[in-house]
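Here is the structure we will look at.
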Amino acid sequence: MATTGLRFFTARTNDNIGAPILDDNNSEVLMHSQEGVSIVLGSRLAEASGTLYITSKQVIWLSDVDVSKGYAVDFVSITLHAISRDPEGYPSPCIYTQIETGDDGDDDEDDDEGPSEISKTKEMRLVPSDPNQLETLFNVFCEGAELNPEPMAMEGGDEEEHNWIFSADQLNADTFSNGIDEDFIEAIGHSNGDHDLAHNVLQLQINDHRFEDAEEMEDETSSAPQ
């Protein structure tokens with residue numbers, strides 16, 4: 001059964017690799033591993049480098065320095081993931097994620113690292129030492145999200161409220177003047193629960209923009225001297 005929010009993870013194999021022990025009873029399999037990845041939880045400082053393991057059920061990070069330190073979060077708790085290359089958001093390129101905690105209290109500003117505080121973490125950044133791996137990691141995250149749809153989506157109930165909100169600057173005419181801007185797409189990322197949502201929103205905005213252009217052309221034609 002999936003656990004809401006981030007949690008400590010220490011179940012490693014007893015060999016020299018120290019890989020995570022997966023849940024074979026639930027057909028959990030390893031999809032991808034990446035060495036040299038730092039983790040940043042909320043507003044805390046980055047942890048020392050570790051290894052990222054992405055399975056068919058969850059995302060696991062294990063420290064390479066302290067074998068007793070590791071974190072995991074189930075895919076059903078990851079409400080959004082995206083590639084972030086904006087230095088104002090974080091100095092290094094990373095995979096940015098938002099996590100559903102099931103807690104409406106304050107964000108994770110407390111430096112206490114007890115289980116209850118870790119479970120309140122709402123943002124997680126994964127920073128690979130090689131930024132060229134970001135696209136691969138993002139794609140594997142997408143695969144994991146598709147394998148773990150939200151329970152309400154599976155039951156055919158109402159959709160979870162994962163709202164896409166864009167500023168006026170993001171939706172100005174320049175964004176679409178020469179096609180869809182790639183950085184804009186990466187900033188949107190991928191939301192668990194409705195994997196076509198980003199595309200649908202972009203398509204809606206493009207259609208609206210073209211509709212406005214068509215109206216302007218019609219007005220200009222009708223007002224032109226005969």
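Here the NZ-OG1 distance, from K120 to T101, works out to 9.0 Å after rounding to the nearest 0.5 Å. Between atom CG of residue D64 and atom CD of residue E47 there is a gap of 12.0 Å, rounded to the nearest 0.5 Å. Considering SG of C94 and CG of L137, their distance stands at 11.0 Å, rounded to 0.5 Å. From K57, atom NZ reaches atom OG of S27 across 7.0 Å, with rounding to the nearest 0.5 Å. Taking OG of S77 as the reference point, atom CD of Q98 lies at 13.0 Å (rounded to 0.5 Å). Interatomic distance, I99 CD1 to S119 OG, rounded to the nearest 0.5 Å: 10.5 Å.
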- Verify side-chain contact (heavy atoms from CB on, under 4.5 Å) between L6 and L41, making sure each step is shown before the conclusion. CA-CA 9 Å; L6 189 74; L41 305 178; 3.6 Å; yes
- Intermediate values then yes/no, side-chain contact (heavy atoms from CB on, under 4.5 Å), L126 and F141: CA-CA 12 Å; L126 299 165; F141 262 77; 3.7 Å; yes
- Message: Between D74 and R7, does the side-chain contact (heavy atoms from CB on, under 4.5 Å) criterion hold? Intermediate values first, please.
- Response: CA-CA 9 Å; D74 293 325; R7 64 187 184 279; 3.5 Å; yes
- What's the verdict on side-chain contact (heavy atoms from CB on, under 4.5 Å) for I39 and M124, showing C-alpha distance, side-chain angles and the deciding distance? CA-CA 7 Å; I39 189 170; M124 176 179 70; 3.8 Å; yes
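Scanning both residues, S49 and G36, for their nearest heavy atoms gives OG-CA, 3.3 Å. Residues V59 and L52 share a closest heavy-atom pair of CG1-CD1, 3.6 Å. Scanning both residues, P93 and P128, for their nearest heavy atoms gives O-CD, 4.0 Å. Contact detail for H81 and T97: the closest heavy-atom pair is CB-CG2, 3.9 Å. Contact record, S68 with T10: O-CG2, 3.4 Å, taken as the closest heavy-atom pair. Residues Q58 and A72 approach most closely at OE1-CB, 3.6 Å, considering heavy atoms.
In the hydrophobic clustering of this structure, V76 does not group with F9; members are Ile, Leu, Val, Met, Phe, Trp, Tyr whose side-chain heavy atoms approach within less than 4.5 Å, directly or through other members. Linking Ile, Leu, Val, Met, Phe, Trp and Tyr whenever their side-chain heavy atoms come within less than 4.5 Å leaves L30 and V73 in two separate clusters. Linking Ile, Leu, Val, Met, Phe, Trp and Tyr whenever their side-chain heavy atoms come within less than 4.5 Å puts I118 and I78 in one cluster. If you chain together hydrophobic residues whose side chains sit under 4.5 Å apart, M31 and I95 fall into the same group. If you chain together hydrophobic residues whose side chains sit under 4.5 Å apart, Y71 and V127 never meet in one group.
For N132, the side chain to side chain donor-acceptor pair (under 3.5 Å) test picks out D130, with sequence neighbours left out. Judged as a side chain to side chain donor-acceptor pair (under 3.5 Å), and not counting sequence neighbours, Y53 has no contacts. Remark: V65 engages A48, S63 in a side-chain contact (heavy atoms from CB on, under 4.5 Å) (not counting sequence neighbours).
Side-chain N or O atoms of R12 include one that pairs as donor or acceptor with a backbone N or O of V67 at under 3.5 Å. For the pair T51 (side chain) and E35 (backbone), a donor-acceptor distance under 3.5 Å is absent. Using modelled atom types, one side-chain atom of D15 and one backbone atom of G18 make a donor-acceptor pair closer than 3.5 Å. A donor-acceptor contact shorter than 3.5 Å links the side chain of D86 to the backbone of E88. Of the possible donor and acceptor atoms, one in the side chain of N148 sits under 3.5 Å from a partner among the backbone N and O of S56. The backbone N or O of V37 sits less than 3.5 Å from a side-chain atom of W61, completing a donor-acceptor pair.
When each of V140, D23, I60, V29 is checked for a side-chain contact (heavy atoms from CB on, under 4.5 Å) with T55, only I60 meets the rule.
Environment of CG in N14: sparse, with no more than 12 heavy atoms of neighbouring residues, nucleotides or ligands closer than 6.0 Å.
Aromatic rings from Y90 and Y96 are positioned such that their centres are separated by 6.0 Å or more.
At a threshold of 4.5 Å between non-hydrogen side-chain atoms, the residues E135 and Q133 do not count as touching.
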